Amino acid sequence: MPDKWDSSLYDDRHSFVWKSAGDLLELLDAKAGEEILDIGCGTGHLTAKIAESGAQVTGLDSSTSMIAQARQNFPKLKFLLADVRNFMLDEPCDAVFSNAALHWVQEAEAAVQCIGAALRPGGRFVMEMGGKGNVACIMAGVEEVIRGAGFSGQNVWYFPSIGEYTTLLEAHGFEVHLAQNFARWTKLEHPERGLREWLEMFGGSYFEGVPGPARGEIEHRIEERLRSSLWVDGQWHADYRRLRIVASKR
Ligand code: BEZ
């Protein structure tokens, strides 16, 4: 992940990212005494939820500001500044968990290899990320406006299909037990500024090359372009689709 994160904006306005992961935690089913790695832990809220089970959990993130905030939020928990594409644990763990992080990793094969190497045989991998079709509406609107204004910024996301990701997992020694791609229409937290704040938090790469003073006008045009589809009942929404997978290492 690029380290351009605003961990305060993340905690203040994007807490739906971890608040919506309750049933993913149920799928993880962490047990007391297990060693669990939380990949892309952000500010540590799900790491802390996993720790409530009595498991020994380590949060891993490649962003210094997210890890600093996680350590401040949960000083008793262990957090590791590392890149999912090239990390190694001293001892294999019982489970790897990841929520809303792996869509930032275009080198998915390197990540899957490291996750496999981190797990003991039989260890489980429980994850959710943006899946094929994720934020398709937002992407279409942003790209139309950005290109129309003469800029060429790109997104940096990876939203694989079930077939693509499960094939990758199977090629790297995993057995896949559950794979789903489902819509999760998500209300953004601030009533008027929700879409702008989402773009500021997550869409920075689209705005590369856009001079600061032009950005506000472009964001306004994006809002106007997307209002008919994403403004519902006085709130902005994101057209999320989740890819959810449970697998184990052979
Ligand atoms: C997601 O959680 O699906 C997501 C978040 C930020 C940018 C793109 C996707």
Side-chain angles (χ1 to χ4, degrees), residues 1-25 27 38-47 49 59-63 65-66 69 84 97-108 111 126-146 153-162 164-165 179-190 193-208 210 215 218-219 222-223 226 229-230 235-245:
M1 282 191 206
D3 198 9
K4 295 175 183 163
W5 293 101
D6 180 340
S7 53
S8 306
L9 181 61
Y10 185 76
D11 261 3
D12 289 350
R13 295 267 197 245
H14 300 88
S15 59
F16 60 80
V17 174
W18 55 270
K19 284 182 179 158
S20 58
D23 46 352
L24 193 64
L25 288 173
L27 282 177
D38 175 13
I39 287 184
C41 65
T43 49
H45 292 274
L46 290 176
T47 321
K49 287 264 168 235
L60 178 152
D61 207 293
S62 64
S63 158
S65 62
M66 288 292 189
Q69 186 68 47
V84 66
F97 174 86
S98 183
N99 178 57
L102 290 169
H103 46 245
W104 294 99
V105 183
Q106 292 188 333
E107 296 95 328
V126 177
M127 73 84 147
E128 196 174 291
M129 65 189 283
K132 192 171 171 63
N134 193 37
V135 292
C137 193
I138 294 183
M139 283 168 61
V142 171
E143 285 169 21
E144 189 183 303
V145 172
I146 292 264
Q154 308 274 346
N155 82 71
V156 289
W157 308 316
Y158 167 61
F159 301 138
S161 66
I162 288 180
E164 194 177 341
Y165 215 83
Q180 297 171 322
N181 177 318
F182 57 93
R184 183 187 286 144
W185 180 252
T186 298
K187 188 158 81 175
L188 301 177
E189 280 180 24
H190 192 282
R193 292 188 50 82
L195 183 61
R196 273 175 193 240
E197 288 184 348
W198 189 93
L199 289 170
E200 278 160 24
M201 183 76 222
F202 299 121
S205 62
Y206 273 126
F207 290 89
E208 270 168 25
V210 177
R215 187 165 171 149
I218 289 184
E219 285 175 343
I222 293 170
E223 286 174 335
L226 290 174
S229 33
L230 298 179
Q235 292 277 159
W236 285 105
H237 294 73
D239 55 328
Y240 280 159
R241 287 198 75 85
R242 313 325 284 165
L243 173 65
R244 178 180 283 184
I245 288 183

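Predicted, not measured: the structure shown is a model, and the values here were computed from it. Heads up: numbering here begins at 1 and tracks the sequence. Remember, it's 1-based here, ligands and their atoms both numbered in the order they're listed.
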So Trp18 and His45, would you call those rings parallel, tilted or perpendicular, with 30° and 60° as cut-offs?
parallel
Contacts of type salt bridge (Lys or Arg N to Asp or Glu O under 4.0 Å), residue Glu223, not counting sequence neighbours
Arg196
Nearest heavy-atom contact between Leu243 and Ser161 is CD2-O, 4.3 Å
How would you list, by chain and number, every residue that makes a ring-ring contact (aromatic ring centres under 6.0 Å, His included) with His237, sequence neighbours excluded?
Trp185
Contacts of Glu200 meeting salt bridge (Lys or Arg N to Asp or Glu O under 4.0 Å) (sequence neighbours excluded), chain-then-number -> Arg193
If only atom types and distance count, is the side chain of Asp239 paired as donor or acceptor with the main-chain N or O of Ala136 below 3.5 Å?
yes
List ligand 1's nitrogen or oxygen atoms that come under 3.5 Å of a protein nitrogen or oxygen, with the partner atom and distance.
{"unit_1": "ligand 1", "atom_1": "2 (O)", "unit_2": "Arg242", "atom_2": "NH2", "d": "3.0"}
{"unit_1": "ligand 1", "atom_1": "3 (O)", "unit_2": "Asn134", "atom_2": "ND2", "d": "2.7"}
{"unit_1": "ligand 1", "atom_1": "3 (O)", "unit_2": "Arg242", "atom_2": "NH1", "d": "2.7"}
{"unit_1": "ligand 1", "atom_1": "3 (O)", "unit_2": "Arg242", "atom_2": "NH2", "d": "3.3"}

